[in-house]
Amino acid sequence: MVNAALFCLYSYFAHSNFLLPQLFLYFFEKLQVVFFLEPVTGMRQAVGMLDFSPIDYKAELNEEQFAAVTAPPGPALVLAGAGSGKTRTLTYRVAYLMLEKRVSPQNILLLTFTNKAAREMIQRVMELTGAQYPPSYGGTFHSIGGRLLRRFGRSVGIEPNYNILDQGDAEALMSSIIKELDPGYLKNKDNPKPNVVSSIISYSINTDTALREVVRQRYPWGDAALTGRFEKFAKVYRERKLQLQVADYDDLLYYWLKMLKEDEETRNYLREKFQYILVDEYQDTNIMQSEIIDLIGHHHNIMAVGDDAQCIYTWRGAVFENIRAFPDRHPGTRIYKIVRNYRSSPQILSLANKVLEAQPATAGYFKELVAAKEDNLTPYVVPLLDSVQQGQFLAQRIQGLYDEGYALKDIAVLYRAHYQAVDAQLELTRAGVPFVITSGVRFFEQAHIRDFIAQLRVINNPSDKPAFERLLGLLPRVGPATVEKILKAADLEREKARRANISAEDTLFETAPTEAGDIFSALLKPTVVAKVPADAKADFKQLAQTLCELNELFEDGRSRTSAARLVQRGIDGWYGDYILTAYSNGEERREDLEGLINFAEKFDTLSEFLSQVVLLNSETSNRSVDPDEDTVRMTTVHQAKGLEYPVVFVLGCAEDLFPLKRAVESGSVDEERRLFYVAVTRAMDQLYLCFPMMNKTRGGAIRTEPSRFLTELPPDCYEKVGFRPTRY
DNA sequence: CGTTGACTTCTTTTT
DNA sequence: GAAGTCAACG
């Protein structure tokens, strides 16, 4: 009961905090810089750079960094510890290649894991070089893969107008396939749910492990029949996606790799094009990603940057063996170690080093980071009664820090999982400390955005049935079954129209080759409308009308503003009215859609726009946080990777919370420890490790032990402090 | 039969 | 908030 209430509150905060239009605009503007700028000619680039003052590499980099930045061609492995200036090294390297080696940005492939990292790096490269255009192939593995497939994917069955499914879409598709193939499957509650099936199949692809094997690991009790069913689901899922011309996240890598393996022409073209390959966070690459890099990087001109101590994505297939085996796969690899740390105080660093020391000695490249900063405070360990008191401590200490002169935006609160921060959020709110949660519901993931986007998805790719389902399902009394009927009827009409057109051409051959019977105009045919339930008929007609208009507009022109114009037209159409009646805060949501117009303006084609909407879908709202806004930042450790803050609080340093119970049970304590390492190395001056002694569970509170990550530490590397709440 | 609404349960991490 | 479950409605 109480829990439910907390969740409501939590959700409320998660939603109310950042959906202010101003922040939105900020967000959209930020994005504009980076994505999809047209490649430019080398000439323009060169001219752009001439009037820019040269970089003094020696002065701006330390020795270790300098060596890596100015490395000769050939394979290079840069082992850059936390806070050692990894991004700096990488960006200077790109600048060095462009300015000193006169490499055209078109010949550089810069791969990262997150959109945020890509954005920051490209931004900095542009600042450094004074270039107006960034490397046109800089971005996440997934977004680059998606773009290359759009252009070259035909050989592996991907048409240029394919749509990308986000995780939710993918799971929905899986679910409908399971229902269709094996209606009895879902009846048995012991069977893994569709989303679990989806994740198992995904894991099998990302690790290149037979499905059989993954099922055996995760479901030791599962029998051969279960495995057989999974294999069937996976097979049909793969076929269906090709039929519908949709691709999930994994496909962006899977088909990219397939294309490189099978399509010699494209492979050679890309090898020729990408003379210089740079990879960030190499320790988090999975097997497909490393293969992709090796295939394109036939010339071995690859710079891989990473830190095996920070590998925290094995759960989605990352293998840090990749980083260890890099020199084997690329003979003549030069290894550059960067261990001088400019971020953290010596005290924090020594604690971080101890965290790694507790790691079983299973090799790895480095270890000790060397402090460059002055002495500062010893990290604190703060035992607290429970998570409520933890929140009170947080609020009180933050107010103290504020009085001491720290800006709130210099303070970060990190936790293992989002739900662990609920009480802290309540207490901060109660104390009037402003904060932003950099997680929770994502902008593009909100129902109304996805519904609206579904219209554009079907326009871009009429075979995208899941999008049709989503869209038509909005109408009253229309569910999957009715959608099926409607689409069938529409298909018939389209077929009829097509035949009529062909025969017309046969007889009168001057007949204009009108786009014979598209699915959208077919929707308006009486036989189709007849399938729509009475309550929904009016809405349906308007929706179909809007789709026809959108389609016409789309077919008409692929002018520069087409994506934005389509969005505008969509808002003017049926959905714009629908949204006002469908939601109590319809006005607000409509404004969100208006925001989409600005965003869409940055894209040439609808396909590109849709891709980015999906790929940024995973981009959480924290990227929309105005960096100047003075609020405390609350985020998961995963999301904090790559960031730094003067003051860091780590919540829930207790067994079962961090390391998370589930992780311990599945035997991934080492990864949890690396994650803890990532958490503590975010801190620059002050680090607070909070340990709640009670853990609320369903039914009651149980006593918790301090996290093994605390007890593993020698007591002299932290100071224990007590906390007495001033009020209840 | 399919859809709806009221009900419960759930939240690891992300492209 | 969202997704899944179940009974009752059209």
Side-chain angles (χ1 to χ4, degrees), chain A residues 1 3-4 6-16 111-118 139-146 164-168 170-172 175 186-187 189 193-195 199 202 206 247-253 281 284-286 288-289 311-318 414-422 439-442 445-448 450 473 475-485 533-536 583 611-612 614-620 635-641 652 656-666 668 671-672 674-675 678-679 698:
Chain A
M1 187 63 211
N3 252 337
L6 289 183
F7 256 114
C8 284
L9 273 168
Y10 148 57
S11 307
Y12 169 74
F13 290 129
H15 294 132
S16 61
L111 293 164
T112 67
F113 267 78
T114 62
N115 294 303
K116 180 201 69 188
T140 63
F141 276 92
H142 290 84
S143 78
I144 301 282
I164 301 175
L165 302 180
D166 67 21
Q167 193 171 311
E171 282 167 8
S175 179
L186 293 173
K187 295 278 190 295
K189 278 178 62 181
K193 305 262 178 308
N195 61 339
S199 76
S202 168
N206 279 302
D248 61 24
Y249 287 136
D250 299 335
D251 290 336
L252 301 180
L253 303 179
E281 309 278 14
D284 283 324
T285 52
N286 68 25
M288 289 193 288
Q289 289 161 324
C311 176
I312 55 174
Y313 285 106
T314 61
W315 51 272
R316 62 172 224 216
L414 309 184
Y415 36 84
R416 176 62 181 85
H418 201 269
Y419 72 92
Q420 295 173 359
V422 172
S439 182
V441 168
R442 298 150 181 190
E445 221 167 67
Q446 296 172 98
H448 62 292
R450 298 180 66 176
L475 303 172
R477 315 204 64 79
V478 175
T482 313
V483 171
E484 187 69 27
K485 281 186 210 155
D535 301 357
Y583 298 97
S611 296
Q612 282 310 305
V614 179
L615 293 172
L616 289 176
N617 176 9
S618 31
E619 182 91 333
T620 46
T635 128
T636 62
V637 181
H638 279 90
Q639 285 191 324
K641 191 176 184 190
D656 294 355
L657 296 179
F658 202 169
L660 204 60
K661 194 173 185 185
R662 276 166 74 161
V664 176
E665 281 164 0
S666 68
S668 39
E671 175 139 330
E672 295 286 303
R674 291 194 295 269
L675 194 58
V678 169
R698 262 180 310 181

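Numbers restart at 1 for each chain; the letters A, B, ... are given by sequence-line order, proteins then strands.
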With centres under 5.5 Å and planes under 30° as the test, does A:W315 stack with B:dT12? no

In whole angstroms, the gap separating P of B:dT12 from CZ of A:R316 amounts to 17 Å

Give a yes/no on whether any side-chain N or O of A:T482 is located under 4.0 angstrom from OP1 or OP2 of B:dG2. no

With heavy atoms under 4.0 Å as the rule, sort A:V637 into base, sugar-phosphate or nothing. nothing

Between B:dT14, B:dT15, B:dT3, which one does the side chain of A:Y313 approach most closely? B:dT14

Just jot down the salt bridge (Lys or Arg N to Asp or Glu O under 4.0 Å) partners of A:D251, sequence neighbours excluded, or say none. A:R238, A:K241

Specify the separation, in whole Å, of atom CG of A:D166 and atom P of C:dA3. 10 Å

Pick base, sugar-phosphate or nothing for A:P476, based on heavy-atom distances below 4.0 Å to the nucleic acid. sugar-phosphate

Tell me whether the side-chain N/O atoms of A:Q639 come closer than 4.0 Å to OP1 or OP2 in B:dT14. yes

Which part of the nucleic acid, if any, lies within contact of A:F141, taking any heavy atom under 4.0 Å across all strands shown: a base, the sugar-phosphate backbone alone, or nothing? nothing

Charged N-O contact under 4.0 Å between A:R450 and A:D166: yes

Set of side chain to side chain contact (heavy atoms under 4.5 Å, CB included) partners for A:P480, sequence neighbours left out: none

Cut-off 3.5 Å, side chains only: do A:S202 and A:N206 have a donor facing an acceptor? yes

What stems involve DNA chain B, if each pair must be Watson-Crick or G-U and both of its distances must be under 3.5 Å, with 3 or more such pairs in a row? B:1-10 with C:1-10

Side chain of A:L660 only, heavy atoms from C-beta on: which candidate in B:dT14, C:dG4, B:dT12 is closest? B:dT12

Measure NE2/A:H638 against P/B:dT15 and give the value in whole Å, please. 11 Å

Most 5' of A:G473 and A:F113 on DNA chain B, judged by nearest nucleotide: A:G473

Examine C:dG4: is either OP1 or OP2 under 4.0 Å from a nitrogen or oxygen in the side chain of A:S175? Give yes or no. no

Of the listed B:dT15, B:dG2, B:dT13, the closest approach to the A:Y249 side chain comes from B:dT15

